[in-house]
Amino acid sequence: MTDKDFRRPSVASLSELRNQLPDDLRQQQNSRQTASRPTYTEVQLEEVHQIKLDDDEKIRHKKQLMENRKAGPKEVRSKGAVALGILSKIFPVIKVFVNYKVKEYAVYDLLSGISVGMFIIPQAIAFSLLAQVKPQYGFYSAFFAMLIYFIFGTSNHLNMSSQGAVSLLVGEAVLAGVEQVHPNGAGICVEPNDTITTLGPNLNFTDLTTEMTTTLLTTTMDMTGINSTANPDMCVPRADANTLVSISITMVAGAVQLLLGLLQFGFLTIYLSDPLNSAFTCGAALHILSSQLANMLGTTLPPISGVGKFFVYFVEAFKQISAGNVNVASIIICLVSFAVLLAVKLINEKCSKYVKIPIPVDIIVLVTSLLLSQFLNWETELDISTVGAIERGFRAPTAPPVEHFTSGTGIIINGLVLGIISYSLSVSVAKTFAVRYGYEVDSNQEMIAYGAVNFGMSWFSTFVSASSIACTSLHESMRGRTLLYSLYATIITLVGILTFAPVFAPVPKCVLSAIILVNLKNMMMQVEQLPGLWRTNRYDFAIWLVTLAAILGIDLPIGLLVGVIFSLATVIFRSQAPKAYLLGRVPETDIYKNVKKIKGAEEIEGVRVFKFDGALYFASAENFRTRLFRQVAMNPKKILAKAKAHAKKTGALASNLDIRTEVMDKEEIKEQLEIVKAEGSHPDDRARQLAQASKSKQQQPDGLG
């Protein structure tokens, strides 16, 4: 290195370099007056410009700010209007009636309510089977959920009744809860020809073979086949035991939702992102598919639990098919029902712009199968499993037994998990439709509404409620405008409970399975989101895949927990290592964009614009430093080493060289560092000349502006 290398360019060469800038950028610079200002660190800037007030001045300053906020026109409201506002905040249904436009809304809401009410019938029966409770409890859940949400809800579209994923989780929680309260079936009485489903291996069956080694057993036998020391007069039928556990779980879920809503904890849903919810619902739909294999094949499968049960169900089903233990008639009826349902629903979707009222294919298929089963006697002639007896009317309110909460923590934990999942799935649907139609939903009020629904109906033999995506979409397709449609649907459900519900007893379970699977089509097809997520956000893509893999490979609740943990881990990683890139100027504009993604974005010679898409704090500081050095091709440590070497060659005191700010005040060290910076930052001669020209310009008092 020679002194010739450090010669500064003349004013003429600086002008020549300046002329090489794009014409429009040079014109922008010529039109501006350059202003000089001191150079500050962030700490120095705050020390010089921060507002320094004593205590009295701070008080006056705050009062002034408050007065400025209150300044302007004020709305004068009467006491009645204020009281009405408070009441409508607690009971949003008041706003529905106050703002209701009869001529515009009435017809659409009425048609929507009738359609949804008819659709609720097959859904209530089908999802009650998933929840491991009697069919009439599906009607109860739909009735009370829609009625209570009508009073407390803030969404104009959401339908609160039952949801497939939540119903499946309720069913698993019910089986686990019964095992908690009645270990190994103790205290459970079995009626003749009843099906025993237990989570315990220790029941003493008379003809139990050694091949049945799993801990989950399903068998059908007479009462004489059970050796139980329990008092027969004190035993509880399994169906009633399931019901009691179900209402206990529902009560816990509702209490948790109410508490979190009153404490304004609606923000918790931000930790359950859209990709997470999407993967969960898709995985839940696939689990429901596996749980319906027995009904579709007309056979019995041992209820499986534990890791990988989704795949084990298919293995067990294949074993039954290989052994010929399936009902061909059930398979044919299920396939025909599925094909008809799917074809008509696709026609409804394609013709939604031209047909105001979609074909109610669910209720048509349900009624058709009911009539055929009743008059052709499918249950005895074809050995097809049916829904069974459905009670008419309501049961008396029932409180959950105390031992459900004292015998273990399983019921409480499952209720807590179901409360959070139910809220997350429901509020995401509510917000989706609110954004689509330009209104707001209150997350905290929604949590209170869901809590009121589940806690309020838990006394009436129900199970945990959540948003019905199918019913909500049906309401939208019918052009329903307000939540008043829910009242009409509630009336139809009430009529069904009091009159015609028992008529559906002969409906084949394989038909209900077909109805369930077709209505889960959109949930399963959420896998189509993956290509878009891959293109837009790889983190969301990873969250989706990890959550689905955990749900299918492990189980629903644990898989969801894995997804939440992984999602939070990506948040931490993204804040610690956000995107960082160089910006280039888009031609003919003053806009700067990522040079690697925007075609035509150009870097200005001798200038590097670095963008760090994240907060700068202790966890991201090292990442920021490393990526900055790499992107701008400048490492201060190497610069300092070169500066020391050059200082040693020129006779300066190398021991005084440092990169710290207090040492940089020395002019001789500054000059050496600037020279080496130009050389180290820009390896080509042209860039080095630009850097040196810029330094020369700063030192000339009458330089070009």
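One-based numbering along the sequence shown.
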### Query
Can Ile249 and Phe463 be said to form a side-chain contact (heavy atoms from CB on, under 4.5 Å), step by step?
CA-CA 8 Å; Ile249 293 171; Phe463 55 90; over 6 Å; no

### Summary
With Tyr450 as partner, the option from Val256, Val464, Leu158, Leu258 fulfilling side-chain contact (heavy atoms from CB on, under 4.5 Å) is Leu158

### Message
Surrounding CG of Asp274 (heavy atoms of other residues, nucleotides or ligands, distance under 6.0 Å), is the total greater than 12?
### Response
no

### Task
For the pair Leu259 and Phe265, evaluate side-chain contact (heavy atoms from CB on, under 4.5 Å) and give the outcome as yes or no after the intermediate values.
CA-CA 9 Å; Leu259 179 61; Phe265 270 64; over 6 Å; no

### Query
Is it true that Arg436 and Glu476 have a side-chain N and a carboxylate O under 4.0 angstrom from each other?
yes

### Considering all heavy atoms, the nearest Leu556-Ile551 contact
CD2-CG2, 3.5 Å

### Message
Would you say that Phe541 contacts Leu545 through its side chain, given a criterion of any heavy-atom pair below 4.5 Å between the two side chains?
### Response
yes

### Task
Establish, from distance only, whether the side-chain atoms of Lys431 and Ser443 form a donor-acceptor pair under 3.5 Å.
yes

#### Entry: Rounded distance [0.5 Å steps], CD in Gln320 versus OG1 in Thr300
6.0 Å

### Message
What verdict does the side-chain hydrogen bond (donor to acceptor under 3.5 Å, both in side chains) test give for Gln163 and Ser467, after you've listed the backbone C-alpha separation in whole Å, the side-chain angles of each residue and the deciding distance to 0.1 Å?
### Response
CA-CA 6 Å; Gln163 208 254 13; Ser467 63; 5.5 Å; no

### Message
Is there a side-chain contact between Lys521 and Met524 in this structure, where contact means two heavy atoms from C-beta onward sitting under 4.5 Å apart?
### Response
no

### Task
Check Gly177 against Ile411 and note the closest heavy-atom contact, atom names and distance.
CA-CG1, 3.9 Å

### Query
Between CD of Glu440 and OG of Ser155, what distance do you get to the nearest 0.5 Å?
11.5 Å

### Task
Would you mind telling me which of Ser428, Ser422, Ser424 makes a side-chain contact (heavy atoms from CB on, under 4.5 Å) with Ser426?
Ser422

### Task
Keeping the roles fixed (side chain from Ser161, backbone from Ala145), state whether a donor-acceptor pair exists under 3.5 Å.
no

### Query
Quick one: does Val326's side chain get under 4.5 Å of Ile331's, heavy atoms only?
yes

### Message
Within the structure provided, determine whether Asn519 and Gln123 are in side-chain contact (heavy-atom separation under 4.5 Å).
### Response
no

### Query
Can you check whether Asn444's main-chain N or O pairs, donor with acceptor, with Gln264's side chain at less than 3.5 Å?
no

### Query
If you draw a 6.0 Å radius around CD1 in Ile558, do more than 12 non-hydrogen atoms from other residues or ligands fall strictly inside?
no

### Task
Indicate the atoms forming the closest heavy-atom contact of Gln132 with Asn242, along with that distance.
O-ND2, 3.0 Å

### Task
May I ask you to test the His404-Gln180 pair for a side-chain heavy-atom distance under 4.5 Å?
no

### Beyond-backbone contact of Leu130 with Val170, side-chain heavy atoms, under 4.5 angstrom
no

### Query
Is there a donor-acceptor pair closer than 3.5 Å between any side-chain N or O of Asn537 and the backbone N or O of Tyr539?
yes

### Task
Taking all non-hydrogen atoms of both residues into account, name the closest pair between Trp544 and Pro275 and its distance.
CD1-O, 3.4 Å

### Query
In terms of ring plane angle, is the pair Tyr437 and Phe433 parallel, tilted or perpendicular, where the classes change at 30° and 60°?
parallel

#### Entry: Contact check, side chains of Leu260 and Tyr423, non-hydrogen atoms, under 4.5 Å
no

### Query
Do the side chain of Thr626 and the main chain of Asn623 share a donor and acceptor less than 3.5 angstrom apart?
no

### Message
Let me confirm one number: the CD1-CE distance from Ile247 to Met457, rounded to the nearest 0.5 Å.
### Response
11.5 Å

### Query
Considering the options Tyr592, Tyr581, Phe624, which one meets the ring pair (Phe, Tyr, Trp, His ring centres under 6.0 Å) requirement together with Phe610?
Phe624

### Query
Taking all atoms of both residues into account, what is the closest heavy-atom pair of Met523 and Ala165, and its distance?
CE-CB, 4.5 Å

### Message
For a quick check under 3.5 Å, do Asn159 and Tyr149 share a side-chain donor-acceptor pair by atom type?
### Response
no

### Message
If you apply the rule side-chain contact (heavy atoms from CB on, under 4.5 Å), what do you find for Phe144 with Val453, and how did you get there?
### Response
CA-CA 7 Å; Phe144 287 109; Val453 165; over 6 Å; no

### Between His157 and Thr472: side-chain donor-acceptor atoms closer than 3.5 Å
no

### Spacing of Ser465 atom OG and Phe127 atom CZ [to the nearest 0.5 Å]
11.0 Å

### Query
Hey, are the side chains of Leu512 and Ile125 touching, using non-hydrogen atoms and a 4.5 Å cut-off?
yes

#### Entry: Spacing of CG belonging to Leu582 relative to CZ belonging to Arg608, to within rounding of 0.5 Å
6.0 Å

### Query
When rounded to the nearest 0.5 angstrom, what distance separates CG in Leu517 from CD in Gln292?
6.5 Å

### Task
Compute whether any side-chain donor of one residue and acceptor of the other, for Gln257 and Asn454, lie under 3.5 angstrom apart.
yes

### Summary
Residues Ile515 and Asp362: closest non-hydrogen pair is CG2-OD2, 3.6 Å

### Message
For a side-chain contact (heavy atoms from CB on, under 4.5 Å) check, start with the C-alpha distance between Thr547 and Phe566, then their side-chain angles and the critical distance, and finish with the verdict.
### Response
CA-CA 8 Å; Thr547 304; Phe566 183 78; 5.9 Å; no

### Message
Determine whether a donor-acceptor pair (N or O, by modelled atom type, separation under 3.5 Å) exists between the side chain of Ser567 and the backbone of Val564.
### Response
no

